[in-house]
Structures are given as structure tokens and as C-alpha cells.
Amino acid sequence: MTLVSDVRLRRVLDSRGNPTVEADVLTESGGFGRAAAPSGASTGEYEAVELPPGEAIANAREDAFPRLVGQVYAGNQREVDAALHAADGTDDFSGIGANSAVAISMAAAKAGADVLGAPLFQHLGGAFRGENFPIPLGNVVGGGEHAADATHIQEFLAAPVGAPNVADAVFANAAVHEAVADLLDERGVACGKGDEGAWAPSIDDAEAFEVVEEATALVEDEVGFEVGFGLDVAAAELYDADDEVYRYGDDERTTAEQIDYIAGLVDEYDLVYVEDPLDEDDYESYATLTDRVGHRTLVCGDDLFVTNTERLSTGIELGAGNSILIKPNQIGTLTDAFDAVELAVKNGYDPVISHRSGETEDTTIAHLAVATDAPFIKTGAVGGERTAKLNELIRIADDAL
Ligand SMILES: O=C(O)[C@@H](CO)OP(=O)(O)O
Ligand SMILES: [Mg+2]
């Protein structure tokens, strides 16, 4: 029934205005799935390779289509993804491009779900589990690679950990985003937005902490449940490997100072989440930091693990981190992303399903978060390509698909 009868690829726009790959997968019985690849700006060194979309499309047409059309069943995700790997022939998807691979992989999943008449999250293995839902981490202030002349820390993330349901959590993050704007306005700070819709003011990190702490406290009072916050430091972007220091503009910190700095922030602001606090090659320092603060906060590896089970295995062995960011396009297929989630959960690491800074209206990650029973999803707070996922979560919780 779900035998793939056609695959189509095209270039569409992403939220930064760049071209990205969109895939359609059709099945023999009339099933249809469509998905688009997102794209990172602060990409990890060990991510699967994103090719220029035109090249990714041409290569996938030539090498992957013959292994997919009339050959594999969209309902059998492992078979589809194995065919993509075989067509690619490399270990980093530099053959057909991780962008073509992930778009086809996700579109196939949707086509499979379509034939079965099931919502995607159910097809991917999870009925909405009990009362669980992923708590959205909402980017409210940021800079780094996502905005020029803003904070050094890439993302300040509202985390409504006490929310009674997903809709209240989503609205709380939007309220924090708005409160931040009001507070910046009171301080006379004008600002635009970064790639993910977070405010991108020209203030230093210390002032951003003040503002975000105040904004989350205001919203917490308003909504009556706990609203904390966390960070994506994206420290690999700050790290100068030649001088072995983290550079925050003119300030620099040695690795030992960076560990103290982050541990101090966790204490001072009761951070619930710290992503990429250290360089992507420094498992040992991750382990040291995890020892110090891992009992009270999530220490999440994004550039460190790149959704890769081998890198995660190294982290598990060394005790580096206690959480992994899951981005399907970092590794190229849904199967690989699921394997990373499974390995993480088995070893007590919390998976956090994530968007990229360059996004589309695609909602696959909302379904992935529910299907894997992930405790968190990071997918922005406002902006159409972000609200597409947040609103889909609300619909899933409301059984409205
Ligand atoms: O670093 C990150 O976690 C992501 C998403 O927020 O950014 P990018 O997609 O630019 O890698
Ligand atoms: Mg990150």
C-alpha cells in the first residue's frame, strides 16, 4: 500500500529568505507527504553536510530516486532511510546532501501516516502519552550567529516548566517575549529581532540576564505557574582554539573560568537548561560541569553531539552532559534521529527536539517531540515558521488533527 510511486524535489524559501529543499513523496495507493529541510547558522563542525540546494536536489534525483521509487515502502521508515544512506554512500551525507535526505525522510513518514490515516506522531510510534507533553523552550533574547551586534550568548530561552498544559506553556513564552520588549523599551533600548524571532538588543549579556529574569518573574506572577529560563551559549562559536579562550567581545575566559562562569549562572538564575556551554570538542570539561550542576539543571549537547549516536556514546562514557539536542537535519534521517533519542533515554539523557535558525512551515518536529515523549522542544516563541510548530502542538494536545 505504501510503496513509493514518486518523489519530487524543489527549492522553496526558508525563513531567512534562502533556498532550501522541499520533498514530496507519493505512494501507490495515493498517499502523500511533503516536508522541507531546515538550515542552521551556528552549525556544529560534525554535522551531516548540507549541500547547496540545487546540487542536493540534482544528486538525490540521480542517486536516490532509483532506490526509492517502486523499491521501498513509505510506511517502513527504516527501509526508506536505509535506501537514502545506500544512495548517498558516505558517512556524512555529502553525496546527496543531508538537506535532500532529511526532506525525503520526513516526507516519506508523512506519506506513510497519510495512507494509514493516522496523525504523524502516532505513526512515528507515540500516541499522546498520558498527560505528558513537551515543554516548549522559547527564544526571547538572542544574538551570537543569529543577530549582529547583540548578546554574545546565542539564546535566552523562556522555560515554562510549571505549565499545566501545552497551550498555557506556549502562551506563557509569547508573554515573556512581549514582557522583554516592554522592559527593553522602559530602558530606552531599541532593537530588532534575530533569525528565530527573539529580540536582538545591543546590550551586554549581564543586562540581558536582568531583563529576562524580570520578564519571566512578571509572567510567572501573571500565569500562576513556574516560568524559569535557560540558555543556548553556543560556546563553540565563542571559543578561540588557538588561544584556548572563550571570547565575549573584549572579555575572555579560560576553560576553567568558563566552567565557573556557567556554574555561577546556574546558581544565580536557577537556570533549568544550559545548551552548549563549552566547545564542541571538549567532552572532559562538559563532564566537569555536569558533575557540578547536572543534578539541578540540564546540560545539553547540541554541537557536541550533533544528534549522532557515536558522539553521544562518547559523551555517555565520559559523563559529558545529561541531555542531547535532537535535530533531524544534523544527522540526515528520522531513523538516525530516533536512534539517538533511544540511546539517550536508555542512558538517562533527556532528549530535546529542536528547530534550526533557518526554518519553514514544516511541523514534523512537533510530531517527533510527541512521538518520542521528549520532555522539551525548542522551537522559538513567535514568528510564523515557529508558531507553525507551536500551534501544531496545541492541535495535537487538543486531538484536533
Ligand atoms: O544552535 C541552535 O541550537 C540552533 C537552533 O536554535 O541554531 P542553528 O540552527 O543556527 O544551529
Ligand atoms: Mg544550539
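Every value quoted in this text rests on a predicted model; they were computed, and no experiment measured them. Numbering of ligands and ligand atoms starts at 1, following listing order.
Between the side chains of Glu145 and Ser42, no donor-acceptor pair of N or O atoms lies under 3.5 Å. Residues Thr288 and Asp291 bring no donor and acceptor atom of their side chains to less than 3.5 Å of each other. Side chains of Thr360 and Asp14: no donor on one and acceptor on the other come within 3.5 Å.
Ligand 1 is surrounded by Gly40, Ala41, Ser42, His146, Gln154, Glu155, Glu196, Asp232, Glu275, Asp302, Leu325, Lys327, His355, Arg356, Ser357, Lys378, each with at least one heavy atom closer than 4.0 Å.
Per residue Asp232, closest N, O or S atom to the Mg ion (ligand 2): atom name OD2. When the N, O or S atoms of Asp302 are ranked by distance to the Mg ion (ligand 2), OD2 comes first.
Using a distance-only test at 3.5 Å, with no hydrogens or angles considered, no donor-acceptor pair links the side chain of Asn322 to the main chain of Leu298. With hydrogens and angles ignored, the 3.5 Å screen pairs a side-chain donor or acceptor of Asp88 with a backbone N or O of Gly95.
Among residues at least two apart or in separate chains, ring-ring contact (aromatic ring centres under 6.0 Å, His included) pairs with a member in residues 151-176 are Phe156-Phe209.
Aromatic pair Phe133/Phe376: centroids not less than 6.0 angstrom apart.
The distance from the Mg ion (ligand 2) to the nearest N/O/S atom of Glu275 is under 2.8 Å.
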